[in-house]
**Q** 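Next up is a structure, given as structure tokens.
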Amino acid sequence: MSPFDDAVAHAIAHEIDWARDPAADPANWGIHLQDPPPWNVLRGPVHARGPSSGVVLHRGRELVAWGEPDRADLTFSVAKSYLAILAGVAHDAGLLPDPDEPVRARLPGIGFDSPRNAAVTWTQLLQQTSEWEGSCLGVPDTVDRYRVVAYGGGPAAGRKGDARPLRAPGTYWEYNDVRINQLSLALMHLFGRPLPEVFDAAILRPIGATSDWRWVGYDDAWIELRGRDGVARRAQSVPGGTHWGGGVSISARDQARVARLLLQRGRWEGRALLSEAWIDRMTTPCPIAPWYGMLVWLNGERGRVYPSAGAGSWFMIGAGGHTVWVDPRRDLVLVARWVESEGIDRLIALVAGTIDARTR
């Protein structure tokens, strides 16, 4: 018997009820179904998923894995946290020296030129407080106004998709995938390269991740991208999730490697891949939304996200039952995939209890 048997059994028993194959049961798969028409359709590819799966790392060592931890599965909004990591790569490389600078200062002509959007900063996009207005990759930001998500603020005062009156940039928090896609587009222009290339070269290959991963965009999300060498090429902008299809497909073990890199303050085998200063920015509470950092969820002192995780924990979370728990106090990473959200806190409690018993 393994000391993690109860945790694994719980994760398996609480597999999300989404269809294993989206093509077989399209009415029971994905979050686009919650959108008002005509936006309640997929615009990028999706694929069949595996079972409830996961990995536990403690002090850098894998203690248990279950399901299919090497299967590259869609990870939904965990990809948002990857955009925050890429913003850090840009910052550390000098491409983004001041995250509080308006995006338009370096990237005119890509959707930040109106009087409202000209004031939007990188930090506001990363903290979901930008109130950016417009359409990105053919989807208007209004689709996600009045959106309510777990762990976020209070209940919405209107119906999702209605044209909520906008506030000044930086004064209102709202989870909004269209604005995240606009951030992704801006980062691609900043690097002058497709983001999957940058993420692979700067992060995944150095940490020893497998090559069995992909980050794809919507079918019509192709643009002419001018590289930093001045040469233009056709490139695909990728979304920060799988709300309308596409997004990141990656294994649980590779997700755990990414989380371990952040837990290790950006260092991997003696090499700094991401600065400590940037990780501090990612995990600093947003002033008007203290449960959120830069595209990561913060547990705070009172366990707002998952009470059993404890103070100082933070999370990368995606729809479909995807949770990556990073606990600096325990030197612990948990990756849970396709586990219904109602079962996550108990899973965390079982894993935490086992780790605490081992380290007494």
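Just so it is clear, the model here is predicted, and its values are computed rather than measured.
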**Q** Test side chain to side chain contact (heavy atoms under 4.5 Å, CB included) on Leu295 and Gln128 and set out the steps.
**A** CA-CA 8 Å; Leu295 302 182; Gln128 300 248 37; 4.1 Å; yes
**Q** Are a donor atom and an acceptor atom from the side chains of Thr123 and Asp100 found within less than 3.5 Å of each other?
**A** yes
**Q** To the closest 0.5 Å, what do you measure between CG (Asn28) and CG (Asp25)?
**A** 4.5 Å
**Q** With distance as the sole test, does Ser135 use its side chain to make a donor-acceptor pair with the main-chain N or O of Gly138 at under 3.5 Å?
**A** no
**Q** Where the side chain of Lys160 meets the backbone of Val143, is there a donor-acceptor pair that is under 3.5 Å apart?
**A** yes
**Q** Step by step, would you call Ser249 with His47 a side chain to side chain donor-acceptor pair (under 3.5 Å)?
**A** CA-CA 9 Å; Ser249 293; His47 56 82; 2.7 Å; yes
**Q** Please test Tyr175 against Trp291 for ring pair (Phe, Tyr, Trp, His ring centres under 6.0 Å), starting from the C-alpha separation and ending with a verdict.
**A** CA-CA 12 Å; Tyr175 200 85; Trp291 57 85; over 10 Å; no
**Q** Between Arg43 and Asp220, does any side-chain N to carboxylate O distance fall below 4.0 Å?
**A** yes
**Q** Hey, is Arg106 close enough to Glu101 for a salt bridge, meaning N to O under 4.0 Å?
**A** yes
**Q** Please confirm whether the backbone N or O of Ser2 pairs with a side-chain atom of Asp5, one donor and one acceptor, at under 3.5 Å?
**A** yes
**Q** Is Ser53 reaching over with its side chain to a backbone N or O of Pro51, donor-acceptor style, under 3.5 angstrom?
**A** yes
**Q** Does Trp29 reach the main-chain N or O of Ala23 with its side chain, forming a donor-acceptor pair under 3.5 Å?
**A** no
**Q** Could you tell me whether Arg145 and Asp162 have a side-chain N and a carboxylate O separated by less than 4.0 Å?
**A** no
**Q** Counting only N and O atoms by type, is there a donor-acceptor contact under 3.5 Å from the side chain of Ser275 to the main-chain atoms of Trp278?
**A** yes
**Q** Determine the minimum heavy-atom distance between Pro165 and Tyr146, stating which atoms define it.
**A** CD-OH, 3.9 Å
**Q** Quick one, Glu62 and Val55 - any side-chain contact, counting heavy atoms below 4.5 Å?
**A** yes
**Q** Might you point out which heavy atoms bring Gly321 and Ile16 nearest each other, and give the distance in Å?
**A** N-CD1, 4.0 Å
**Q** Between Arg253 and Glu68, is the closest basic N to carboxylate O distance under 4.0 Å?
**A** no
**Q** Are Asp73 and Arg337 close enough for a salt bridge, meaning some N to O gap below 4.0 Å?
**A** no
**Q** I'd like to know if Arg330 pairs up with Asp356 as an ion pair, taking the criterion as any Lys NZ or Arg NE/NH1/NH2 lying under 4.0 Å from an Asp or Glu carboxylate oxygen.
**A** yes
**Q** Parallel, tilted or perpendicular, judged at 30° and 60°: which one describes the rings of Trp132 and Phe112?
**A** tilted
**Q** If the test is side-chain contact (heavy atoms from CB on, under 4.5 Å), which one of Val248, Leu204, Leu83, Val238 qualifies with Phe199?
**A** Leu204
**Q** Do the charged groups of Asp177 and Lys80 touch, with an N to O distance under 4.0 Å?
**A** yes
**Q** List the atom of Thr129, the atom of Ile288, and the distance in Å for their closest heavy-atom pair.
**A** CG2-CD1, 3.8 Å
**Q** Check the pair Leu334 / Val324 against side chain to side chain contact (heavy atoms under 4.5 Å, CB included), numbers first and verdict last.
**A** CA-CA 6 Å; Leu334 163 68; Val324 180; over 6 Å; no
**Q** May I ask you to check if Arg260 and Trp268 form a cation-pi contact, with NZ or CZ under 6.0 angstrom from the six-membered ring centre and within 45° of the axis?
**A** yes
**Q** Kindly say whether Ile110 contributes a backbone atom to a donor-acceptor pair with the side chain of Gln182 at under 3.5 angstrom?
**A** yes
**Q** Could you give the distance from CG (Leu350) to OG (Ser308), rounded to the nearest 0.5 Å?
**A** 8.5 Å
**Q** Can you tell whether the side chains of Glu15 and Arg49 come within less than 4.0 Å, N to carboxylate O?
**A** yes
**Q** Do Tyr306 and Trp325 have their ring centres less than 6.0 Å from each other?
**A** no
**Q** Looking at every heavy atom in both Asp98 and Trp122, which two are closest together, and how far apart are they?
**A** O-CD1, 4.4 Å
**Q** With a 4.0 Å cut-off, would you call Glu276 and Arg265 a salt bridge?
**A** yes
**Q** Quick one: does any side-chain atom of Gln124 pair with a main-chain N or O of Thr121 as donor and acceptor, under 3.5 Å?
**A** yes
**Q** Using modelled atom types and a 3.5 Å cut-off, is there a donor and acceptor pairing between side-chain atoms of Arg267 and backbone atoms of Gly270?
**A** yes
**Q** Out of curiosity, Leu261 CG to Ile279 CD1, how far, rounded to the nearest 0.5 Å?
**A** 6.0 Å
**Q** Quick one: do Glu197 and Arg233 make a salt bridge, cutoff under 4.0 Å?
**A** yes
**Q** Report yes or no: do His243 and Asn181 form a side-chain donor-acceptor pair below 3.5 Å?
**A** no
**Q** Which atom names give the shortest non-hydrogen contact between Val89 and Ala202, and what distance separates them?
**A** CG1-CB, 4.0 Å
**Q** Walk me through it: do Gln255 and Thr75 pass the test side chain to side chain donor-acceptor pair (under 3.5 Å)?
**A** CA-CA 9 Å; Gln255 281 186 310; Thr75 196; 2.5 Å; yes
**Q** Go through Leu298 and Val305 one step at a time and tell me if the side chain to side chain contact (heavy atoms under 4.5 Å, CB included) criterion holds.
**A** CA-CA 7 Å; Leu298 308 178; Val305 181; 5.9 Å; no
**Q** What about Trp213 and Tyr82, are their ring centers closer than 6.0 Å?
**A** no
**Q** With side chain to side chain contact (heavy atoms under 4.5 Å, CB included) as the criterion, how do His58 and Thr359 come out once you've worked through the C-alpha distance, each side chain's angles and the decisive distance to 0.1 Å?
**A** CA-CA 10 Å; His58 183 230; Thr359 55; 3.5 Å; yes
**Q** Taking the ring centre of each residue, are His32 and Trp39 less than 6.0 Å apart?
**A** no
**Q** Is it true that Arg71 and Asp212 have a side-chain N and a carboxylate O under 4.0 angstrom from each other?
**A** no
**Q** To the nearest 0.5 Å, tell me how far Arg61 CZ sits from Leu63 CG.
**A** 5.5 Å
**Q** Do side-chain atoms of Asp141 reach the backbone of Gly134 as a donor and acceptor pair under 3.5 angstrom?
**A** yes
**Q** Out of curiosity, Asp144 CG to Asp35 CG, how far, rounded to the nearest 0.5 Å?
**A** 6.5 Å
